[in-house]
Amino acid sequence: MHRNDVKAEAALRATGLSKRFDDFQAVSDVTFDVRRGRAFGLLGPNGSGKTTIVRLLNGVLAPTAGSVELFGEPLTQESGDSLRQRIGVQTDTNLYETLTVHKNLKIWGELYGVPKAKLPGRIAELLEVLGLADRAGSLAGTLSKGMRQKVAVGRAIIHEPELLFLDEPTAGLDPEASLELIDYLKQMIASGKTTLVICTHQLHGLEELCEDAGFLMHGEMVARGQITDLISDRWPGRRVTVSLGDSGPTGSAAAALVARAVPGGEAAVSPAGSLALALADDAAVEAAVAALAAGGAAIRAVVPDTPTLGDLYFDVITKQREDAR
Ligand SMILES: Nc1ncnc2c1ncn2[C@@H]1O[C@H](COP(=O)(O)OP(=O)(O)OP(=O)(O)O)[C@@H](O)[C@H]1O
């Protein structure tokens with residue numbers, strides 16, 4: 001692919017991005033890009049630099065070193081104003097406290113240039129999606145934390161931005177509202193019109209929204225890429241748990257059957273006598289299960305044990321902490 005084509009595909013590109021606050025290095029030499037129409041998870045422990053990076057990416061903070069390109073254009077003070085119309089940002093829940101929820105959304109819709117004829121319909125849609133329809137007339141200052149969060153998200157997406165930055169959008173939301181918001185974001189991504197950068201500590205199910213992720217530690221991006229690739233690089237092959245009844249071999253006797261049938265595979269015995277198998281491929285899993293059955297094992301279930309984004313997060317972060325010691 002020609003270099004310019006690659007460039008055209010990136011909605012966002014950060015190159016060597018660094019930020020120093022006085023004598024504290026908050027972000028160090030971070031490079032990554034986010035392709036148009038994809039969702040990118042910016043993940044890492046508290047204080048690892050996620051919010052600072054989002055602020056650098058949307059031009060609220062100026063980098064100490066490095067550069068940002070949005071839609072192939074360098075982000076500068078001059079370009080920032082026009083580029084900002086194409087992006088949406090939710091980094092905090094500061095609202096106009098003495099105005100209603102409806103008015104808060106209306107003001108932001110106008111600021112972002114949503115056409116007058118379209119704005120009432122768009123506000124109604126967002127109030128519905130965010131479960132705020134019955135609070136449209138409430139003053140923002142009287143809302144609960146979760147409700148404020150919903151308004152802040154609504155404010156960021158009211159103009160259907162091409163590039164959306166969300167910082168902990170589900171913080172404070174109840175589980176149902178959180179799922180609804182993630183579903184709505186999935187629809188936005190599926191429409192192909194929006195690119196998303198999301199910082200979150202809520203990893204469960206996030207891989208259904210984000211294809212790609214970057215992991216931060218102490219301001220450095222220590223791993224990044226497509227989540228499925230990062231997982232298969234760390235845990236190659238197939239993993240399954242085989243639950244065994246007592247009427248046949250269990251534990252180490254069952255593990256020995258697998259070891260004979262599939263040399264090189266791993267069979268770890270759980271306290272309940274089941275086996276956690278880590279094998280090269282599906283054929284090896286079939287051979288292991290066949291060997292267990294032939295050896296008289298009472299196989300109750302064979303359940304895929306695919307590592308999740310949560311497993312990946314802990315693996316990346318824990319390894320980094322160990323390496324730092
Ligand atoms: N304006 C500032 N002045 C000085 N230090 C700052 C400033 N903004 C951020 N920091 C520091 O930079 C580091 C990274 O902060 P940041 O808010 O980016 O982390 P984060 O990964 O978003 O954390 P969290 O998950 O807790 O939201 C922290 O140590 C923070 O104290």
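Counting convention: from 1, in listed order, for ligands and their atoms alike. All values below come from the heavy atoms of this structure, side chains included, with hydrogens, waters and symmetry mates left out. Quantities reported herein were computed from a predicted structural model and do not represent experimental measurements.
- In this structure, the side chain of R148 does not engage the main chain of N94 through any donor-acceptor pair within 3.5 Å.
- For atom 30 (C) of ligand 1, the nearest protein heavy atom lies 4.0 Å or farther away.
- The atoms of ligand 1 that sit less than 4.0 Å from any heavy atom of P45 are 21 (O).
- Between E208 and K186 there is a salt bridge, since at least one side-chain N of the basic residue sits less than 4.0 Å from a carboxylate O of the acidic one.
- A donor and an acceptor atom, one from each side chain of Q202 and T170, are located under 3.5 Å apart.
- Of all the listed residues (A171, G47, C199), G47 holds the heavy atom that lies closest to atom 28 (C) of ligand 1.
- Ion pairing of D212 with R38 is present here, as a side-chain N (NZ or NE/NH1/NH2) and a carboxylate O approach within less than 4.0 Å.
- Here the shortest heavy-atom pairing between S18 and D29 reads OG-N, 2.9 Å.
- Scanning the protein heavy atoms around atom 6 (C) of ligand 1, the nearest turns out to be F21 CD1, 3.3 Å.
- Salt bridge E9/R36: absent, no basic N to carboxylate O contact under 4.0 Å.
- Contact atoms of ligand 1 toward K50: 18 (O), 19 (O), 20 (P), 21 (O), 22 (O), 23 (O), 24 (P), 25 (O) (distance under 4.0 Å to a heavy atom of the residue).
- The pair R13-D33 meets the salt-bridge criterion, with a side-chain N (NZ, NE, NH1 or NH2) lying under 4.0 Å from an Asp/Glu carboxylate O.
- Residues K118 and E160 are paired through a salt bridge, judged by an N-O separation under 4.0 Å between the basic side chain and the carboxylate.
- Close contacts between ligand 1 and A26 involve ligand atoms 12 (O) [criterion: under 4.0 Å to a heavy atom].
- Considering only non-hydrogen protein atoms, atom 26 (O) of ligand 1 sits nearest to N46 ND2, 2.9 Å.
- Set against the non-hydrogen atoms of H201, the atoms of ligand 1 under 4.0 Å away are 25 (O).
- Residue-to-ligand polar distances keep F24 apart from ligand 1: every N/O pair is separated by 3.5 Å or more.
- Below 3.5 Å of separation, one finds an N or O of G49 facing an N or O of ligand 1.
- Remark: minimum distance from atom 17 (O) of ligand 1 to any protein heavy atom is reached at T51 CB, 3.6 Å.
- The nearest heavy-atom contact from the protein to atom 15 (O) of ligand 1 is T52 OG1, 3.7 Å.
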